[in-house]
Each structure stands twice: as C-alpha cells, then as structure tokens.
K.L.:
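Before we start, here is the structure in question, set down as structure tokens.
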Amino acid sequence: MPDISRVSRRVFGGLVGGGALTAVAGPAAVASSAAARDAAERPFRARSGYRPGRRPNFLFILGDDMGWADLSCYGAPHIRTPHLDRLARQGVRFTDAYSGSATCSPTRFSLYTGRYPGRTKGGLAEPIGSRTQGLDPHHPTVASLLKQAGYATALIGKWHCGWLPDYSPTKSGWDEFFGNFGGALEYFSKLGQLGDYDLYEGDATYTDLRYYTTVLTERAVDYVGRRHDRPWLLNLNFTTPHWPWLTEDDEETAAGIAAKIRAGNVLGALQHTDGGSVEKYREMVEDLDASIGEVLAALRRSGQEENTVVVFASDNGGERFSYQWPLSGGKSELLEGGIRVPTVLRWPAAVDGHQVSREPVYSPDWTATLLELGGARPDPKYPLDGHSLAGYLLRGADVPQRDLFWRVRGNRALRRGGWKYYQDAQGKDHLYDLAADAREQADLAADRPALLAELKSAWERIDGELLPYSAA
C-alpha cells in the first residue's frame, strides 16, 4: 500500500473505490450492490402536507459527456461515486431523465431557455464552434427571469453558448461568471477549442494554471459558503469527464497536448484520440464526485442545505470510455445512450429521500420547474417547451403528458409514454418499446405501422415550428 500522505485525493479515491475494489468484489458483489440499491429505493411519492416556505436556492450541477450508468448508483461496476450516491439516497434518482440534445451547446440552450434548441439560431449549431454563434442576449433565460424575481445568479464553469464580445453569461442574466466560454479546454494551460486561453472572470481573462476541476470546485465552495441576503441560483458546469483525458497527476501529458494546440492542431489535440483509457476515465469521474462532495459539504456548513434544491445531471450521453449499459449509442446520436443521462434531485425541506422516479423528464422541464419554485414567470413572448415538475414533486400531481422531442442533423426522435420513434442517419424509421427494450434492439416499426405513423407525424409537426438547418 502506498504512503497515503503522499498521494492526492484523486489517487486515493481510485485506490479505495475503483477498479481494485471491483476486482476483489467480483461481478456477483456488483450485482448484489445494485439489488440492494433497488430494494432501498421506493417509487416516488410527494410528501404529504407540504406547505411552501421561503423560496429555495438552486444549485444545478452539470457533468460533461457523462454516460447514463457512469455513477455507481446507476450501475457502474468499476466507478465509485459515494458523494453522488449519497445525494441520490437523500433525494430522488430519475431513471428516465434526458438531456435536451445529444451534444453540449444545444442542451445548454434548452436548459438555459427552457425551449427546443431549434427555436434559436445559436441552438442550430451542434455544437457551437465559432465566434459568430451564440445565445442572443435579448432572449430570456432561467437566470434573467429568476434575477427579475429577486434571485442572485452565478455561472461557474463551462458556458458554451457563445464567445465574447457578443455572447456571455453576464449578458444573459447571470450576475457573476467564472469559467470557460468554449466546449473544451486543456485542463492545465486552459487553451480552448479556438486555440486561445479560455478562463475568464466576468469578461476578463483570469490566470490560473492549476487543474481546472480543482479551480472550479474552489470557486463553487466559495459561492455557496457566502452570506447571501437573497435566494440564489448557481449553475455549476464542470468540464469533467470531457476529453482530453487528464487528471491532476497528468501535467506532463497535458503539456504535450498544449504544445500541439499552440502548433495549430487544436481539435486534434483536444480530442485526445491517442490517449485515455477506461481506468483514466474512472479517475476523472471519481475526481468529479469528490469535487461535488466538497461543494455539498460547503453547502451543509453554510446552513443552507435544507432549503437548497440540488440537481445533478449530464449535458448529454457518454463518449469513448463511458459506461452506459444497457443503453445503445452515445454522444451525438439520439439513441438512448446519447440522450438519457443520470439525474438526481435533493431538496430536504420538501422532498423525501430514498426515492426513484421512472417518469420521463428532460432539460427544458428543469427550467420550467426552477422558475415555478422561484416564483418567476416565463416571458409570454418566448413560451417554454418544458413543463414544470413542481406539481409532481410537491403535490403528487401527474407529470404532464406530452411528447419529448429531439432532433440533430442525421437523427430524429420522439418519446411518448414508453414508446420511442427514432430515425437513423440513413433515414430509416424505427419504433421501440422502451419499457421492454431500453437497449433499442427490437424494432417494432413493421408490427405497429399506425403508431409509427402517428409518432412520426407528431415529430414533424413540432419540427415544422422550428428554424431549419442550413444547407451546409
């Protein structure tokens, strides 16, 4: 056993909770752990007799490119995430929660605006990759609407909805911003997807060459620990575990990637196709879990834990080293693995723990939910596509019956109840019964042609309301 005093918390987490433990425990122990989790959870029920009190704070945490089963509470056999598992035990774990799209920036558009990405020009980019694209500062956001209702607002971490000088969180309703504008960056040098330095405080560059997840964690700990004189919204958007595949112990590898970026091979270097591994990915996820644990501990110390709504989710499905069983597909496509994401909610003042919800929900619903819980009204000129879950969470109302809609270049999908319509990149239509076949292997299109036609028509009606993709 190594000298614990000389190893980082990331390495220590790997020694205690990672692959070595799985190797010792074996598959039977992993299956037993999943069975124990399922037995401990009960189907969601709203707390009886809830009476609204002070408006809650909102801490909305996004992981980046994390697969549906990358948390141990979702079945990962080799990744240990004790802090997020505890968060799930203290609240509600959603099994059928979805991102608003299959890539980074469109999902962020859907979460920030509560609307389909295709309703705005910037949302058509999948993802945003140039300075000409972004979220129109005049478009209302969850931050601007809550700010109007008296909330303090902050965004820490990855924005990915446009670059300066035209686009910024501080132009779209967030009082404070500390983080990166682009979709990816090298974790130490902070060189981003446009090849330049990408760490900012407000609209000014901020120099800190330490490991990025650590830097963001410190900022978030400071924010939640402050003395606040009004309720607050904090969007905490980590880049972990997005490529490049680096932990705080990989400065030498990071320096090589930074050199390639400076030499002009920006995306090739950041995508890190010559690096990474299942083990390295495990380390990154466990580091993210440890970082979130630090933020939650600061929230507890501040005395605000009881009346703070904490939501954790991923911006889309996983990539190369992600664990997504039993789902098919991954990031950039509309099979379940590209859009179904781990999602946990905790609110001790209003929602009981040890619960699981199998209701289909997705990113725009959280926008509507936070606005209702915060006493803010949507702008009638920009009607929401998401539906508030407040009635479901607080009063036991049914989740609103509606279709969940997605489109990306080359894919289309719509979920109604347990049925899913999916069109692949070759233009072939498929129909899946997700309740019986979450892996989307049993295509029922030929057996249920009327239902397929109905769902396809519903998709096309919604698509007809959206901006078209450019021909390019």
Side-chain angles (χ1 to χ4, degrees), residues 8-10 12-13 53-64 81-91 111 142-143 146-147 149-159 169-170 173-180 187 190 199-204 206-240 248 286-313 344-351 353 366 370 373-375:
S8 69
R9 68 180 173 90
R10 281 81 176 175
F12 179 71
R54 293 179 296 109
R55 291 184 297 168
N57 307 310
F58 300 118
L59 171 58
F60 203 107
I61 307 172
L62 274 184
D64 201 348
T81 51
H83 301 286
L84 286 167
D85 295 351
R86 185 180 304 113
L87 190 73
R89 289 194 303 272
Q90 294 170 340
L111 177 62
V142 63
L146 284 172
K147 183 175 181 177
Y151 273 72
T153 58
L155 191 150
I156 296 174
K158 176 175 168 177
W159 162 242
T170 58
W174 283 270
D175 298 319
E176 301 178 34
F177 169 58
F178 179 86
N180 61 303
Y187 282 75
K190 311 304 184 297
L199 177 58
Y200 287 76
E201 183 170 39
D203 294 346
Y206 183 93
T207 302
D208 192 327
L209 301 182
R210 294 176 298 151
Y211 187 64
Y212 192 37
T213 309
T214 300
V215 175
L216 295 182
T217 302
E218 289 180 359
R219 281 293 176 131
V221 165
D222 174 75
Y223 188 86
V224 303
R226 290 183 201 168
R227 181 179 296 277
H228 294 272
D229 60 2
R230 51 187 169 140
W232 48 264
L233 162 72
L234 171 59
N235 288 96
L236 176 54
N237 299 346
F238 288 98
T239 56
T240 313
E248 68 172 356
E286 292 185 355
D287 174 72
L288 173 63
D289 179 75
S291 295
I292 291 171
E294 292 182 26
V295 177
L296 296 177
L299 180 66
R300 184 168 56 253
R301 292 193 301 270
S302 75
Q304 302 171 92
E305 180 181 70
E306 182 75 8
N307 199 37
T308 297
V309 178
V310 180
V311 180
F312 172 82
V344 172
L345 176 143
R346 185 189 73 183
W347 185 11
V351 177
W366 295 116
L370 267 56
L373 295 177

K.L.:
Do you know which two heavy atoms are closest between A149 and G375, and how far apart they sit?
P.N.:
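Where A149 meets G375 most closely, the heavy atoms are CB-O, 4.1 Å.
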
K.L.:
Mind checking what makes side chain to side chain contact (heavy atoms under 4.5 Å, CB included) contact with R54, not counting sequence neighbours?
P.N.:
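Scan of R54 (side chain to side chain contact (heavy atoms under 4.5 Å, CB included), adjacent residues dropped) gives N307.
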
K.L.:
Would you find a donor on one side and an acceptor on the other, under 3.5 Å apart, between the side chain of R346 and the backbone of V310?
P.N.:
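Not a single qualifying donor-acceptor pair exists.
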
K.L.:
Could you pull out the closest heavy-atom pair between F177 and G157, with the gap in Å?
P.N.:
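Closest approach of F177 to G157, heavy atoms only: CE1-O, 3.5 Å.
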
K.L.:
Apply side chain to side chain donor-acceptor pair (under 3.5 Å) to D208 and list each qualifying residue two or more places apart in sequence or on a separate chain.
P.N.:
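If we apply the side chain to side chain donor-acceptor pair (under 3.5 Å) test to D208, skipping adjacent residues, the hits are R210.
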
K.L.:
Indicate yes or no for a side-chain donor-acceptor contact from D289 to the backbone of L84 under 3.5 Å, with no hydrogens or angles considered.
P.N.:
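Such a contact is found between D289 side chain and L84 backbone.
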
K.L.:
Out of curiosity, T170 OG1 to L155 CG, how far, rounded to the nearest 0.5 Å?
P.N.:
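T170 OG1 to L155 CG: 10.5 Å, rounded to 0.5 Å.
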
K.L.:
For residues 295-302, run the donor-acceptor check on the side chains, cut-off 3.5 Å, and write out each pair with its distance to 0.1 Å, sequence neighbours left out.
P.N.:
{"from": "S302", "atom 1": "OG", "to": "L299", "atom 2": "O", "distance (Å)": "2.6"}
{"from": "S302", "atom 1": "OG", "to": "Q304", "atom 2": "N", "distance (Å)": "3.3"}
{"from": "S302", "atom 1": "OG", "to": "Q304", "atom 2": "NE2", "distance (Å)": "2.8"}

K.L.:
For E201, enumerate each residue passing the salt bridge (charged side-chain N to carboxylate O under 4.0 Å, His left out) test, keeping only those at least two apart in sequence or located in another chain.
P.N.:
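So E201 forms a salt bridge (charged side-chain N to carboxylate O under 4.0 Å, His left out) with R219.
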
K.L.:
For K158 and D64, work out which heavy atoms get closest and say how close.
P.N.:
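Closest pair (atom of K158, atom of D64, distance): NZ-OD2, 2.7 Å.
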
K.L.:
List the residues meeting ring pair (Phe, Tyr, Trp, His ring centres under 6.0 Å) with Y200, not counting sequence neighbours, and say none if there are none.
P.N.:
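By the ring pair (Phe, Tyr, Trp, His ring centres under 6.0 Å) rule, Y200 matches F181.
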
K.L.:
How would you list, by chain and number, every residue that makes a side chain to side chain donor-acceptor pair (under 3.5 Å) with R86, sequence neighbours excluded?
P.N.:
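Counting only residues at least two positions away or on another chain, R86 forms a side chain to side chain donor-acceptor pair (under 3.5 Å) with H83.
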
K.L.:
Could you tell me if the side chain of L59 sits less than 4.5 Å from the side chain of F312, heavy atoms only?
P.N.:
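The answer is no; the side chains never approach within 4.5 Å.
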
K.L.:
Evaluate the ring planes of F60 and W366, with Trp represented by its six-membered ring, and classify them as parallel (under 30°), tilted (30 to 60°) or perpendicular (over 60°).
P.N.:
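Correct class here is perpendicular.
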
K.L.:
Do V224 and W232 have side chains that approach each other closer than 4.5 Å (heavy atoms only, starting at C-beta)?
P.N.:
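Answer yes - side chains close enough.
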
K.L.:
Which residue, L370, V309, L233, forms the side chain to side chain contact (heavy atoms under 4.5 Å, CB included) with P56?
P.N.:
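Exactly one pass, corresponding to V309.
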
K.L.:
Spell out, as yes or no, whether a donor-acceptor pair under 3.5 Å connects the side chain of Y212 to the backbone of L199.
P.N.:
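Looks like no, no N/O pair under 3.5 Å.
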
K.L.:
Counting distance only, does the side-chain N/O of N57 pair as donor-acceptor with the main-chain N or O of T308 below 3.5 Å?
P.N.:
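No, because the side chain of N57 does not come within donor-acceptor range (under 3.5 Å) of the backbone of T308.
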
K.L.:
Report the distance from atom OG1 of T214 to atom CD of E248, rounding to the nearest 0.5 Å.
P.N.:
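Here the rounded value is 5.0 Å.
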
K.L.:
Would you call D85 and R89 a salt bridge, taking side-chain N to carboxylate O under 4.0 Å as the test?
P.N.:
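No.
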
K.L.:
For K147, give me all partners under side chain to side chain contact (heavy atoms under 4.5 Å, CB included), at least two apart in sequence or on another chain.
P.N.:
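Residues passing side chain to side chain contact (heavy atoms under 4.5 Å, CB included) with K147: T153, D175.
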
K.L.:
Residues two or more places apart in sequence or in another chain: which of them pass side chain to side chain donor-acceptor pair (under 3.5 Å) with N235?
P.N.:
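With neighbours one apart ignored, the set is W174.
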
K.L.:
Considering only heavy atoms from C-beta outward, does the side chain of L62 approach that of L111 to under 4.5 Å?
P.N.:
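Yes. Closest side-chain heavy atoms under 4.5 Å.
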
K.L.:
Residues in ring pair (Phe, Tyr, Trp, His ring centres under 6.0 Å) with F238, at least two apart?
P.N.:
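Partners of F238 under the ring pair (Phe, Tyr, Trp, His ring centres under 6.0 Å) test: none.
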
K.L.:
Apply ring pair (Phe, Tyr, Trp, His ring centres under 6.0 Å) to W347 and list each qualifying residue two or more places apart in sequence or on a separate chain.
P.N.:
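Listed in chain order: nothing, the list is empty.
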
K.L.:
Hydrogens and angles aside, do T213 and S291 bring a side-chain donor and acceptor to less than 3.5 Å of each other?
P.N.:
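There is no such pair between these side chains.
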
K.L.:
Hey, could you give me the OH/OG1 distance between Y211 and T217, rounded to the nearest 0.5 Å?
P.N.:
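One gets 9.5 Å once the value is rounded to the nearest 0.5 Å.
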
K.L.:
Who are the salt bridge (charged side-chain N to carboxylate O under 4.0 Å, His left out) partners of D203, not counting sequence neighbours?
P.N.:
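Partners of D203 by the salt bridge (charged side-chain N to carboxylate O under 4.0 Å, His left out) criterion come out as none, since no residue qualifies.
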
K.L.:
What are the two closest heavy atoms between G374 and L146, and how far apart are they?
P.N.:
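Nearest pair, atom of G374 first, then L146: CA-CD2, 4.0 Å.
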
K.L.:
Using the test ring pair (Phe, Tyr, Trp, His ring centres under 6.0 Å), find all partners of F58 that sit at least two apart in sequence or belong to another chain.
P.N.:
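Here the qualifying residues are Y151.
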
K.L.:
How far does CG of L87 sit from CG of L345, to the nearest 0.5 angstrom?
P.N.:
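The CG atom of L87 sits 8.5 Å away from the CG atom of L345.
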
K.L.:
About how many Å separate CG of N237 and CG of L216, when rounded to the nearest 0.5 Å?
P.N.:
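So the gap between those two atoms works out to 9.0 Å.
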
K.L.:
Provide the closest heavy-atom pair for R55 versus P231 in the form atom of the first, atom of the second, distance.
P.N.:
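Nearest pair, atom of R55 first, then P231: NH2-CG, 3.9 Å.
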
